[in-house]
Amino acid sequence: MSKKRLGQTPSQTVGPFFHFGLPYEGDSNLIVGDVQGQRIVVEGKVTDGAGEPVPDVMIEIWQANAAGKYDHPEDTQDKPVDEGFHGFGRCATDNDGIFRFNTVKPGAVPGPGNSLQAPHLVTFVFGRGMLKQLLTRIYFEDEAHNANDPVLALVPDERRGTLIARKISPSTYALNIVLQGAGETVFFDY
Amino acid sequence: MADVIPYTREEKGAQPPSLYLPYKSTEFRAPKQPLVILPHTLSEVTGPVYGHGRVLPIDADLTKQHAGEPLGERIIVSGRVLDENGRPVPNTLVEVWQCNAAGRYIHARDQHPAPLDPNFSGAGRIVTDAEGNYKFTTIKPGAYPWRNHPNAWRPAHIHFSMFGPSFINRLVTQMYFPGDPLFAFDPIYQGIPDVKARERMVSRFDMDTTIPEWALGYKFDIVLRGRDATPMED
């Protein structure tokens with residue numbers, strides 16, 4: 001590319017006072033109408049390097065629908081989209097550092113080459129004390145395909161569990177996000 | 001399915017580190033383990049472009065969201081959302097929020113003893129047009145103190161949140177005002193290593209968008225990541 005690139009605008013913290021500024025329809029409830037697939041709750045606690053709950057971060061997720069289709073023009077798979085599900089959710093943690101999403105369990109989606117990615121939620125964490133957002137993923141422990149997932153394969157064995165939500169009821173998955181320290185969540189350079 | 005076209009990576013120097021000790025609360029919130037390098041897959045190059053709900057004209061005029069006029073200096077902020085290749089980012093949601101002219105946020109946790117303004121909430125939403133343009137009317141936010149270090153003050157700023165065409169284009173930043181004497185003392189502004197890149201966050205005064213006897217104009221362009229010309233190997 002011969003043309004000179006423009007410089008990226010730097011990231012800055014979302015700060016402590018974002019709640020009133022980032023209202024979003026549905027917010028942590030991704031199901032806004034008719035939708036196919038299993039309805040699930042994904043919840044967890046965010047803690048910091050002192051082991052304290054983090055009451056002022058915002059979690060955003062992006063995911064495919066139950067058929068493994070993203071509601072986006074670059075997903076050209078011949079699969080249905082849902083009228084009542086776009087795949088984006090936003091949740092501020094509460095005073096105890098808890099986040100909770102009502103969504104559907106995503107299907108597997110295409111990965112690099114001919115690979116398939118196990119069902120997952122692409123997850124950003126924004127907050128005070130974070131000059132830029134952190135990228136992670138939430139997988140599900142009851143998916144056999146996790147063993148062949150091309151992204152989990154990039155993660156050292158002993159840290160892979162930090163990306164995999166436990167099934168704590170037939171429709172509830174739980175995964176804590178540890179920003180720093182023992183059991184630190186895997187974050188990605190993207 | 002064919003492989004996706006990746007986006008560029010973080011521009012070194014233009015993006016902040018997670019750990020920047022002059023900004024105290026980064027100390028326990030920055031990862032200590034190395035980040036895992038992620039190739040861009042379909043999950044990253046797609047993102048929320050639908051479902052943002054209705055965005056109304058009133059959402060772009062923060063001075064008209066209450067019965068009366070807010071106090072402060074009325075301003076019009078406009079600019080373009082572009083990618084690194086200079087292409088406009090059309091139809092993308094821009095969310096903005098800020099404190100009032102006295103430096104006070106409407107947020108319940110803001111305890112700064114400056115007055116709230118019953119005629120100002122400080123939140124807006126705009127969708128860019130086909131050429132990536134956005135524009136909103138507001139009042140100039142004030143500086144305010146915080147507890148990062150003794151006598152710490154944030155330079156006046158407006159928070160911006162952008163979606164862009166994919167989830168990894170997601171950007172949250174702050175727009176500053178030209179010539180602010182607090183830049184030199186602000187660890188959030190200084191957290192950007194490259195001095196030139198910091199200046200990309202500073203709006204410029206613009207006479208062309210200033211409306212006579214009504215409002216001062218400020219211009220602020222935002223550059224999101226663009227498509228990478230050289231696809232990554234698997």
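Bear in mind the structure is a predicted one, so any value in this text is a computation, not a measurement. Values below: every heavy atom of this structure, side chains too, minus hydrogens, waters and symmetry copies. Chain letters run A, B, ... following the sequence lines, proteins first and then strands; every chain starts at 1.
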Chain B contacts, top residue of A:Pro73, A:Gly15, A:Gly87, A:Gly127 (heavy-atom pairs, under 4.5 Å): A:Pro73
Choice from A:Glu52, A:Lys132, A:Glu25 maximising heavy atom contacts with chain B below 4.5 Å: A:Lys132
Answer with side chain, backbone, both or neither: which region of [X] has an atom nearer than 4.5 Å to a non-hydrogen atom of chain B?
{"X": "A:Ile61", "value": "backbone"}
{"X": "A:Val151", "value": "side chain"}
{"X": "A:Val57", "value": "side chain"}
{"X": "A:Glu60", "value": "both"}
{"X": "A:Gln12", "value": "both"}
{"X": "A:Phe85", "value": "neither"}
{"X": "A:Phe126", "value": "side chain"}

Contacts of type side chain to side chain donor-acceptor pair (under 3.5 Å), residue B:Thr138, not counting sequence neighbours: B:Gln98
What is the minimum heavy-atom distance between [X] and [Y], and which atoms define it?
{"X": "B:Leu42", "Y": "A:Gln77", "result": "CD2-NE2, 4.0 Å"}
{"X": "B:Ser161", "Y": "A:Leu22", "result": "CB-CD2, 3.9 Å"}
{"X": "A:Phe124", "Y": "B:Phe167", "result": "CE1-O, 3.2 Å"}
{"X": "A:Pro10", "Y": "B:Ala197", "result": "CG-O, 3.3 Å"}
{"X": "A:Ser11", "Y": "B:Pro16", "result": "O-CG, 3.6 Å"}
{"X": "B:Ser43", "Y": "A:Arg137", "result": "CB-NH2, 3.7 Å"}

Contact listing (chain B partner; residues 177-190 of chain A; heavy atom under 4.5 Å): A:Leu179, A:Gln180, A:Glu184, A:Val186, A:Phe187, A:Phe188, A:Asp189, A:Tyr190
Residue among B:Asp221, B:Asp194, B:Val45 with most heavy-atom pairs under 4.5 Å to chain A: B:Val45
Are any side-chain N or O atoms of [X] and backbone N or O atoms of [Y], one a donor and one an acceptor, separated by less than 3.5 Å?
{"X": "B:Glu95", "Y": "A:Gly21", "answer": "no"}
{"X": "B:Thr41", "Y": "A:Gly111", "answer": "no"}
{"X": "A:His72", "Y": "B:Pro165", "answer": "yes"}
{"X": "B:Tyr23", "Y": "A:Gly129", "answer": "yes"}
{"X": "B:Asp3", "Y": "A:Gly113", "answer": "yes"}

Aromatic plane relationship, A:Tyr24 with B:Phe163 - under 30° parallel, 30 to 60° tilted, over 60° perpendicular: tilted
Geometric class of the B:His52/A:Phe88 ring pair [parallel <30°, tilted 30-60°, perpendicular >60°]: perpendicular
More than 12 heavy atoms from other groups under 6.0 Å of NZ on A:Lys167: yes
Crowding at CZ, A:Arg159 (>12 non-hydrogen neighbours, <6.0 Å): yes
Validation row: B:Ile188, A:Leu131 side chains within 4.5 angstrom (heavy atoms): yes
Part of B:Leu82 lying under 4.5 Å from any heavy atom of chain A: side chain
Region of B:Asp83 that comes under 4.5 Å of a non-hydrogen atom in chain A: backbone
A:Gln8 side, atom CD; B:Asn169 side, atom CG - distance, nearest 0.5 Å: 9.5 Å
Nearest-0.5 Å distance, OG1 of residue A:Thr9 to CE of residue B:Met175: 12.5 Å
